[in-house]
There are 2 protein chains.
Amino acid sequence: MDQDLKAYFAKTLAEVSIDCVIFGFHAGELKVLLLRWKETDGWSLPGGRIFKEESLNAAAVRILQERTGLTEIFLHQYYTFGDTNRNTHFTEMELLERLEGFFGKGIFDELLHNRVVSVGYFALVEFALVQATPDWFTDECRWWNIADVPNLLFDHNDMITSALQALRQQIRNQPIGYDLLPEKFTMPELQKLYETILDKQFDRRNFQKLLMSYDILEKLDEKRVGVANKSPFLYRFDKQKYEKAIHSGISFSM
Amino acid sequence: MDQDLKAYFAKTLAEVSIDCVIFGFHAGELKVLLLRWKETDGWSLPGGRIFKEESLNAAAVRILQERTGLTEIFLHQYYTFGDTNRNTHFTEMELLERLEGFFGKGIFDELLHNRVVSVGYFALVEFALVQATPDWFTDECRWWNIADVPNLLFDHNDMITSALQALRQQIRNQPIGYDLLPEKFTMPELQKLYETILDKQFDRRNFQKLLMSYDILEKLDEKRVGVANKSPFLYRFDKQKYEKAIHSGISFSM
DNA sequence: GCAAAAGTGTTCTAGTTACACCCATGC
DNA sequence: GCATGGGTGTAACTAGAACACTTTTGC
């Protein structure tokens, strides 16, 4: 195992890595996928190393695929973190010792003492489709509500904060939702998604008017059944028009 | 010299570097600062290596300072370029041979055959204050009009294209001009800057109204003298209010 | 005096915001 | 039948767009 890991390290870049903030949306809450490191209670973002012959974007896609099982998901590079003190959060000796005991001394040095620049990506995924899988260093995957994220290893709390900022920037210039919602969804669900990301309430009528004005939504003849209260209509994104709106850009200004 | 260079390489990261798109504005034209490589007619962006104990941002500031003599300039990280074929533009053997003859074979390998991820920054500088200075590999600095930029080495044409996109994004959400214009300037000059960056014409009255509404400009009792035609008033940014507007953001929507 | 650029306000339009009543469903 | 949430349109307001004439200066 240690041998495998060394071979893997030898095939990958040592000074640059990737970390991904994977956003999901469920039960009206915005969530991020986090990993718990083996033998510890330290959590971190999913991330990974880049093969020497692999582009950054390809590595990000691969890492996402490895952790969620999903391909073809929305993935966006948002910032590259290059402070020299990126590992300072990881100073609790107890944690380090446990890791060292588990992985061996060499790996410890490689992982935590080297200075590494990390390229931050954020991904938007459909919560229900994710098959979360831990990696070499971790043995638990969990979705955390944005508001409940604990103190993370490395500078990963900062990474989430700025990913969220980038997502908020994104949502104001491009449609969002295709990757975060199931194929069919109701207008109140879409509105709740926007409200959750932007932490802001909207008027139902105005929201509907604005979203429909982008001409990316298709109102279906179906309604969501089995829920309390009046059955809401179902909508679906028109993939073609949605893609076009992504490229040409929209201005969501509520 | 070769020895110095090897020592420098040993103190810096090998897999990550920085490239800077330095924008200036002069005579109604948006310009970028480019460097010509010694013994060649190949041009590239200013860039540099990162010291092992230096943060990305500090390295970018240092590189800018080295090339322009300026400190405290507007600097923004906009994208990290990590394709594996980033060096493919550099295939002209004649160029490579000349470089090899000049720098020696070792340097050639290090620089051009290694796969390097490059963090892109763009800077906005006041044209007149720049004392452009070439680096180790180059012997000429020149300002080029954006529209006249030749085919550059590496993937640097792409870098300029996306820096310009990022700048256009920037200008719509934050005030711009403090770093690109001299201390005192006229409203038509400021308008020309906006028009040049966005490649779009504005109505003088509406432009003035909008810019003044941000409450970041101070109209002076002076006029620019000695120019043809009616003397325009001079304006100055109110640094405090300008900084506040940068943080809180504006919406330039013309 | 003439050409070229700058100073200045108002009207119209379009987009954004505010707002309320009825209806369907589950319990 | 009642509580809860969803569906739907209009009026007021505000911000953006369009627009022209006068003034100053250098040549």
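Per chain, numbering begins at 1; letters A, B, ... match sequence-line order. It should be emphasised that the depicted structure is a prediction, and the values quoted were computed from it without experimental measurement.
Listed by chain and number, the residues in a side-chain contact (heavy atoms from CB on, under 4.5 Å) with Leu129(A) are Leu70(A), Glu126(A) (sequence neighbours excluded). Considering only residues two or more places apart in sequence or on other chains, Arg236(B) meets the salt bridge (charged side-chain N to carboxylate O under 4.0 Å, His left out) condition with Glu183(B), Glu218(B). Remark: Asp238(A) pairs with Gln240(A), Lys241(A) by the side-chain contact (heavy atoms from CB on, under 4.5 Å) rule, at least two apart or across chains.
A salt bridge does not link Glu195(B) to Lys200(B): none of the charged nitrogens lies less than 4.0 Å from a carboxylate oxygen. Under a 4.0 Å N-O distance rule, the pair Asp139(A)/Arg36(A) qualifies as a salt bridge.
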Footprint string (nucleotides 1-9 of chain C, 5' to 3'): B base within contact, S backbone only, - free, heavy atoms under 4.0 Å: ---BBBBBB
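Between Phe202(A) and Phe207(A), the ring-plane angle classifies as parallel under the 30° and 60° cut-offs.
In this structure, Ser253(A) reaches the dT16(C) phosphate: one of its side-chain N or O atoms is under 4.0 Å from OP1 or OP2.
Other residues, nucleotides and ligands place more than 12 heavy atoms under 6.0 Å from the OH atom of Tyr78(B).
An end-to-end axis angle of 10° holds for the helix from dT13(C)-dA15(D) to dC27(C)-dG1(D), taken from five base pairs per end and rounded to 10°.
Between chain A and DNA chain D, the heavy-atom contact criterion of under 4.0 Å yields a 5' to 3' nucleotide range of dT4(D) to dT10(D).
Looking only at atom types and distance, the side chain of Thr161(B) has no donor-acceptor partner in the side chain of Asp158(B) under 3.5 Å away.
Mapping Gly226(B) and Met254(B) onto DNA chain D by nearest heavy atom places Met254(B) at the nucleotide closer to the 5' end.
Contact between Gln65(A) and Thr71(A) at its shortest, heavy atoms only, is CG-CG2, 3.5 Å. Among all heavy-atom pairs drawn from Pro175(B) and Ile250(B), the shortest one is N-CD1, 3.5 Å.
Counting non-hydrogen atoms under 4.0 angstrom, Val225(B) reaches nothing in the nucleic acid.
In this structure, Ile250(A) places its CD1 atom 15 Å from P of dG15(C), rounding to the nearest Å.
Here, dC21(D) and dT13(C) have their C1' atoms 23 Å apart, quoted to the whole Å.
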Candidate pair Tyr194(B) and Phe252(B), rule ring pair (Phe, Tyr, Trp, His ring centres under 6.0 Å), full reasoning: CA-CA 10 Å; Tyr194(B) 272 73; Phe252(B) 183 86; 4.8 Å; yes
